[in-house]
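Report on the following structure.
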Protein chains: 2
Amino acid sequence: MTDDIGISIADVDPHLLRTFVAVAETGSFSAAAQRLRYTQSAVSQQIAALEADLGTALLTRRPVALTTAGERLHRHANLILVRLEAARADVTRAIAPPGRLILGLTPLAWSEPVSAALARIRGDSARLRSHVLVDGRDRIVTAAATGEIDLALVDGFTAPNDPLRLPEPGAQVAVGVAGSPAVVAVPDRHPLARRAALDLNDLADAYWIDAPMVAPFSRLPVDGLRAGLRYEGADVTVLTGLVAAGHGLIVLPAPLVERRPGLTGVPIAAPRLVHRVELLRTPNDEEPAGRLAALLGAQPLQ
Amino acid sequence: MTDDIGISIADVDPHLLRTFVAVAETGSFSAAAQRLRYTQSAVSQQIAALEADLGTALLTRRPVALTTAGERLHRHANLILVRLEAARADVTRAIAPPGRLILGLTPLAWSEPVSAALARIRGDSARLRSHVLVDGRDRIVTAAATGEIDLALVDGFTAPNDPLRLPEPGAQVAVGVAGSPAVVAVPDRHPLARRAALDLNDLADAYWIDAPMVAPFSRLPVDGLRAGLRYEGADVTVLTGLVAAGHGLIVLPAPLVERRPGLTGVPIAAPRLVHRVELLRTPNDEEPAGRLAALLGAQPLQ
DNA sequence: TGCATTTACGAGACACGTAATCATT
DNA sequence: AATGATTACGTGTCTCGTAAATGCA
């Protein structure tokens with residue numbers, strides 16, 4: 001196979017991309033320089049080089065803002081940088097499988113089986129250094145891609161049988177590990193608590209709690225819900241407490257609601273909705289992450 | 001926002017990645033050098049640099065083959081390079097929206113509505129330079145990511161309501177535009193033609209035609225089908241001809257089979273299976289690609 | 001006038017090619 | 001021996017920092 005033709009455009013320099021992202025995020029050449037530990041001058045030159053390479057202005061100066069082309073590049077840039085990191089992390093793990101297990105999960109991905117599996121693993125290899133990180137979905141997905149965490153569990157609400165629609169940041173594969181009905185959580189004495197089922201579309205005018213880190217309704221397949229309260233935390237106990245206190249409604253997995261006194265879960269008639277938990281895995285399952293994945297019921301890949 | 005801490009690992013040099021991919025694919029330093037128009041020496045140095053950077057051997061020499069770490073890197077490398085190209089293409093299109101429309105599709109993604117929409121577009125802007133490219137799924141998806149084509153239609157078989165599971169190569173979003181029942185295509189006089197419905201799992205021992213470019217059954221949610229014939233083409237007419245002539249069975253969309261004399265489509269009882277066509281779009285819909293997308297019934301993004 | 005970006009310039013690092021060397025079949 | 005990867009070395013390019021210049025509020 002001696003094809004000698006493979007004329008390729010020059011690569012976009014990731015170094016420049018990183019600088020570009022820094023400028024875009026800080027909104028300032030000097031601030032970006034500070035963050036990257038460069039001089040202002042270097043940043044200016046790098047942006048100029050990138051603009052020359054791409055043949056267009058990426059930023060306006062004074063004030064610094066993204067142009068249309070800049071916005072497009074920015075969308076790609078972060079993904080590229082994450083991938084680059086992910087590649088390095090993946091190779092690194094091939095050399096020295098870490099003697100640690102860092103499990104990352106979104107708040108609602110936690111469940112008894114997860115707890116049990118983790119306990120089992122830690123029982124097996126007693127001196128395993130293990131961490132658990134709870135954060136919002138995007139953070140967890142990115143961390144899984146870059147190898148910052150070894151295994152990720154993310155949750156979300158979808159139509160039955162639908163996989164979660166995840167942002168695609170790494171070369172991971174999502175495998176479903178758990179599913180349960182979705183319900184609207186309401187206080188026990190709330191008028192809706194006696195209803196047999198609800199149509200979310202009829203509840204657009206109800207007061208909802210938007211909890212971006214836990215159960216953002218921007219990702220529900222329903223339009224126009226209005227948030228009466230925005231909850232910035234990642235703690236589910238506080239969140240259910242808010243619901244029980246009557247601050248608003250929220251969609252949650254049924255088993256969780258059942259376990260909270262003061263809360264009633266009302267089934268959702270439409271749209272058809274389930275709560276799903278998916279495991280994010282790289283094609284190579286390092287131990288002990290692979291064993292945990294197996295305990296959670298994920299099949300070996302391929 | 002003047003956070004000055006952002007210590008970051010050095011990026012993996014895409015230049016080196018490209019060389020690495022060339023070596024991995026050609027299985028030879030010299031062949032890679034030829035393809036990239038470098039000297040052997042340069043390639044050798046680049047691989048050495050990459051291995052030093054990552055701290056591990058990526059390739060064995062004599063014979064040249066990927067190590068474990070090398071395999072991992074290889075999986076990432078192509079995706080990264082595609083993304084890099086995609087970023088450049090996307091920015092380029094922001095500057096000068098192309099006065100052309102290149103539509104890429106997998107063979108079974110073609111349908112009357114697609115044809116009609118394309119005719120409509122071409123009627124609107126008479127002198128529109130338009131191309132149509134038909135190829136296998138991976139090629140089409142990659143081409144859409146790199147901007148080689150402006151709009152892509154890809155098809156596949158999934159469970160009802162499931163989206164297609166596409167390899168994730170660019171920053172595209174898939175939107176379903178068509179669906180139809182999946183059937184097993186058999187010759188009219190075939191014994192199975194009289195059956196009301198079939199369970200694919202019972203047909204593992206039948207003779208199948210595997211057509212990787214058209215309807216690869218490796219992507220069907222059924223295990224262990226055996227191919228009696230492998231069809232390497234992308235032409236559907238030849239393929240249905242082979243089926244009609246009794247060379248084997250294949251799963252196809254019902255409407256297609258109905259239109260072919262000599263073929264009978266037998267409904268599939270299990271697993272539940274539909275044929276879907278999805279439109280791949282970048283977040284920015286350049287004209288005229290955006291108009292075609294709209295004609296095909298895709299909603300504006302976001 | 002003052003703060004922020006750009007330009008000019010020189011020093012160091014880097015990556016290529018040439019060519020000699022080494023290794024494997 | 002011959003094919004093919006590596007090493008040594010020189011040259012040109014590139015990118016950084018310093019410092020001076022420019023430009024917008």
Side-chain angles (χ1 to χ4, degrees), chain A residues 1-4 6-67 69-70, chain B residues 1-4 6-67 69-70 73-74 81 84:
Chain A
M1 202 143 301
T2 45
D3 52 348
D4 50 5
I7 305 298
S8 48
I9 326 110
D11 295 305
V12 180
D13 188 341
H15 204 184
L16 304 186
L17 282 185
R18 180 150 269 145
T19 303
F20 171 71
V21 168
V23 174
E25 284 176 1
T26 60
S28 149
F29 282 56
S30 354
Q34 209 171 322
R35 178 201 282 198
L36 300 170
R37 310 194 179 284
Y38 279 138
T39 56
Q40 257 188 33
S41 165
V43 171
S44 181
Q45 290 177 67
Q46 288 185 31
I47 297 298
L50 189 56
E51 290 182 325
D53 179 27
L54 295 174
T56 185
L58 264 12
L59 298 160
T60 61
R61 328 292 153 109
R62 259 184 251 276
V64 171
L66 292 169
T67 63
Chain B
M1 198 127 326
T2 44
D3 51 349
D4 51 6
I7 305 298
S8 49
I9 325 110
D11 296 304
V12 180
D13 188 341
H15 205 183
L16 304 186
L17 282 186
R18 179 151 270 145
T19 302
F20 171 71
V21 169
V23 174
E25 284 176 1
T26 60
S28 150
F29 282 56
S30 354
Q34 210 172 320
R35 178 202 281 197
L36 300 170
R37 308 191 178 288
Y38 280 138
T39 57
Q40 254 187 38
S41 164
V43 171
S44 182
Q45 289 176 67
Q46 289 186 31
I47 297 298
L50 189 57
E51 289 182 326
D53 179 28
L54 295 174
T56 185
L58 265 11
L59 297 160
T60 62
R61 329 292 152 109
R62 275 178 227 279
V64 171
L66 292 169
T67 63
L73 185 63
H74 190 228
L81 295 174
L84 248 9

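This structure is a prediction, so every number in the text was calculated from the model and none was measured.
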Next item on the list: Using side-chain contact (heavy atoms from CB on, under 4.5 Å) as the criterion, list what pairs up with A:Ser30, not counting sequence neighbours.
Entry: A:Ser28, A:Gln40
Check: With A:Val64, which residues qualify under side-chain contact (heavy atoms from CB on, under 4.5 Å), at least two apart?
Finding: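 For A:Val64 the side-chain contact (heavy atoms from CB on, under 4.5 Å) partners, ignoring immediate neighbours, are A:Val23, A:Phe29, A:Leu59.
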Check: Sequence neighbours excluded, which residues qualify as side chain to side chain donor-acceptor pair (under 3.5 Å) partners of B:Thr56?
Finding: none
Margin query: List the residues meeting side chain to side chain donor-acceptor pair (under 3.5 Å) with A:Ser41, not counting sequence neighbours, and say none if there are none.
Written below: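 A:Ser41 satisfies side chain to side chain donor-acceptor pair (under 3.5 Å) with A:Gln45 once adjacent residues are dropped.
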Margin query: Under 4.0 Å from OP1 or OP2 of C:dA4: is there any side-chain N or O of A:Arg61 that close?
Written below: no
Checklist line | Check: B:Thr67 side chain, B:Ala57 main-chain N or O, donor-acceptor pair, under 3.5 Å | finding: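 Present.
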Notebook entry, point to check: Quick check: does any side chain N or O of A:Thr19 sit under 3.5 Å from a backbone N or O of A:Val43, one acting as donor and the other as acceptor?
Noted result: no
Checklist line | Mutual orientation of the aromatic rings belonging to B:Phe20 and B:His74 [parallel < 30°, tilted 30-60°, perpendicular > 60°] | finding: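 Ring orientation of B:Phe20 relative to B:His74: perpendicular.
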Note to self: Need two values: the first and the last nucleotide of DNA chain D, 5' to 3', having an atom under 4.0 Å from any heavy-atom of chain A.
What the structure shows: D:dC16 to D:dC24
Next item on the list: Mind jotting down which residue pairs meet the salt bridge (charged side-chain N to carboxylate O under 4.0 Å, His left out) criterion with at least one end in residues 41-56 of chain A? Sequence neighbours excluded, please.
Entry: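 Of all non-adjacent pairs touching residues 41-56 of chain A, those that pass salt bridge (charged side-chain N to carboxylate O under 4.0 Å, His left out) are A:Glu51-A:Arg61, A:Asp53-B:Arg88.
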Item checked: Sugar-phosphate or base contact per nucleotide [nucleotides 14-25 of chain C; S, B, -; heavy atom under 4.0 Å] -> --BBBB---BS-
Note to self: Any base atoms under 4.0 Å from B:Ser30, or only sugar-phosphate, or nothing? Heavy atoms, all strands.
What the structure shows: sugar-phosphate
